[in-house]
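Convention: sequence-line order gives letters A, B, ...; per-chain numbering from 1.
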2 protein chains.
Amino acid sequence: MTPLAYALLGLIRDEPRSGYGLRKVFETTPMGNYSSSPGSIYPALKNLEKAGLVESRATGKKSVLAITTTGETAFATWLAQPVTSEEDPNIALLRFAFLQNNRPQSLDFLMSYARCAHAKVIALRNFLDSEPGQALPLQARLAVYHGLKTTEAAAEWAADAYRQLNEDITP
Amino acid sequence: MTPLAYALLGLIRDEPRSGYGLRKVFETTPMGNYSSSPGSIYPALKNLEKAGLVESRATGKKSVLAITTTGETAFATWLAQPVTSEEDPNIALLRFAFLQNNRPQSLDFLMSYARCAHAKVIALRNFLDSEPGQALPLQARLAVYHGLKTTEAAAEWAADAYRQLNEDITP
DNA sequence: CCAACCATGTAAGCTGTTACATGATTGA
DNA sequence: TCAATCATGTAACAGCTTACATGGTTGG
């Protein structure tokens, strides 16, 4: 299961869609970061179908893909994964985007996300303070600093999001 | 030429290195984001050699790879590319990290980088304000917001870096 | 009627990942 | 001497990108 496969599965879980409909989502929303062109989407959909996670349904004339029970289970398992430092943060974020109405899991996610972001910030600071880091030319140091700043912003985002989700509970 | 190939070429330009030496750089610095394991590095190095961008030199017992004149030219051309919105920002940043001692080109880079970051911020804000954006579940909105926050941080970084490089000129 | 969009795919080629394989050297 | 590190690769496999191919429908 690739990230693209999970993105497709999640979109289909939200509502049954055709291959073309899925492509439109990627073209017209920021989810476009996760994919692209027919050459990747259609084969991925076939894999999902082969694995029994989605099935083709004829609604009137059009054939759309709907998630199966097996698919729901597999998707829920994926959603429950905690964030780790090894994982691409963008893929973790993709999971978060699909965590609708699941406040406890969302809060767990944000916790582990913030932890990983923090760990990365510390690692980058340590690198900049180390001798190889000090010996770097200015531009290279600034490039590392870029990572530091954006990761700090990500950590702050996680803290903000945590607050927002908590406030949501007591209106 | 893949990003990995450019990363390798840049490291070899800075100083001649062996395949193993290159791997160590990826393992011990934040440049590790750009690669990984022998299975990708050694084939990539062979391609660089085949293309005449690097050549193998025997220094004492060890054989190290050095950049050729053709390689220098190709690398300089790559470095001069402006940042575009289509490009993966991480790859743009990789270019920046190699722009040592080239203040004018660095400033140009930061300008185009900031422009792209700004454009992305505006696009994300527009999306969040649009009807499909409004209809999103909270978690999905927050995920987009993550992109917004980190991109804003990236834009600020570019402005800061611009100032630092300018100050550097008049001590 | 023609352009644009709906809609689904296939094929070639390249890259990268994972895992395996091999052997030399060095420090405790 | 034994583990770690130096050092260089190969092979199987899967995935994505680009480009191509095909045909239906709809609005101006």
Side-chain angles (χ1 to χ4, degrees), chain A residues 1-9 11-12 15-29 31-51 53-66 78 84 86-88 90-91 94 132, chain B residues 1-9 11-12 15-29 31-51 53-66 78 84-88 90-91 94:
Chain A
M1 293 285 291
T2 67
L4 173 57
Y6 283 114
L8 292 168
L9 189 55
L11 289 171
I12 292 170
E15 67 182 288
R17 291 175 201 265
S18 65
Y20 187 77
L22 291 162
R23 279 175 61 194
K24 283 287 124 179
V25 175
F26 289 120
E27 276 170 22
T28 60
T29 71
M31 214 178 276
N33 296 316
Y34 298 102
S35 179
S36 44
S37 26
S40 52
I41 290 184
Y42 287 105
L45 288 175
K46 278 206 171 167
N47 288 343
L48 286 175
E49 211 173 346
K50 226 183 300 175
L53 305 181
V54 303
E55 61 187 3
S56 188
R57 273 186 202 162
T59 308
K61 294 183 178 182
K62 297 189 172 182
S63 142
V64 294
L65 296 164
W78 179 66
T84 70
E86 292 74 42
E87 185 182 26
D88 179 345
N90 287 318
I91 295 168
L94 177 65
Chain B
M1 292 283 291
T2 67
L4 172 57
Y6 283 113
L8 292 169
L9 189 55
L11 288 172
I12 291 169
E15 66 180 292
R17 289 176 202 265
S18 65
Y20 187 77
L22 291 162
R23 279 176 61 195
K24 284 287 126 179
V25 174
F26 290 119
E27 276 170 23
T28 60
T29 72
M31 213 177 277
N33 297 316
Y34 298 102
S35 181
S36 42
S37 28
S40 52
I41 289 184
Y42 286 106
L45 288 175
K46 276 206 171 166
N47 287 342
L48 285 174
E49 209 172 348
K50 227 185 296 173
L53 305 181
V54 303
E55 60 187 5
S56 187
R57 272 185 203 161
T59 307
K61 295 182 176 182
K62 299 188 172 184
S63 142
V64 295
L65 295 163
W78 179 67
T84 70
S85 292
E86 291 75 41
E87 186 184 26
D88 179 345
N90 286 320
I91 295 167
L94 177 65

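Ser37(A) contributes no side-chain N or O that, together with a main-chain N or O of Gly39(A), makes up a donor-acceptor pair within less than 3.5 Å. Not one N or O on the side chain of Tyr34(B) forms a donor-acceptor pair closer than 3.5 Å with the backbone of Ile91(B).
Straight-line distance from the OH atom of Tyr42(B) to the C1' atom of dT18(C): 16 Å, rounded to whole Å. Taking atom CG of Leu45(B) as the reference point, atom P of dT15(C) lies 13 Å away to the nearest angstrom. One atom, CG of Asn47(A), and another, C1' of dC13(D), lie 13 Å apart when rounded to the nearest Å. Rounding to whole angstrom units, OH of residue Tyr34(A) and P of dG15(D) are separated by 19 Å. Between Leu48(B) atom CG and dC14(C) atom P there is a gap of 15 Å when expressed in whole angstrom units. Distance CD1 (Ile41(B)) to P (dA7(D)): 14 Å, rounded to an integer number of Å. Between the CG atom of Leu4(A) and the P atom of dG16(C) there is a distance of 19 Å, given to the nearest Å.
With a 4.5 Å cut-off on side-chain heavy atoms, Pro16(B) and Leu65(B) do not count as touching. Residues Thr29(A) and Lys24(A) are not in side-chain contact: their nearest non-hydrogen atoms beyond the backbone lie 4.5 Å or more apart. The shortest distance between side-chain heavy atoms of Val25(A) and Arg17(A) falls below 4.5 Å. Taking 4.5 Å as the limit, every side-chain heavy atom of Asn33(B) sits out of range of all side-chain heavy atoms of Phe26(B). Here the side chains of Leu8(A) and Leu48(A) are in contact, with some heavy-atom distance below 4.5 Å.
Contact check, Lys46(B) against dT10(D): a side-chain N or O comes under 4.0 Å of OP1 or OP2. The phosphate of dC14(C) has neither OP1 nor OP2 within less than 4.0 Å of any side-chain N or O from Thr2(B).
A heavy atom lying under 4.0 Å from DNA chain D marks the following residues of residues 16-27 of chain B, by number: Ser18(B), Gly19(B), Tyr20(B), Arg23(B), Lys24(B).
Between Ser63(A) and Ser18(A) the shortest heavy-atom distance is O-CB, 3.9 Å.
Residues that satisfy the side-chain contact (heavy atoms from CB on, under 4.5 Å) test with Lys46(B), not counting sequence neighbours, are absent from this structure.
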Polar-atom pairs under 3.5 Å, protein N or O versus N or O of nucleotides 17-24 of chain D: list them with distances, or write none.
{"from": "dT17(D)", "atom 1": "OP2", "to": "Ser36(A)", "atom 2": "OG", "distance (Å)": "2.9"}

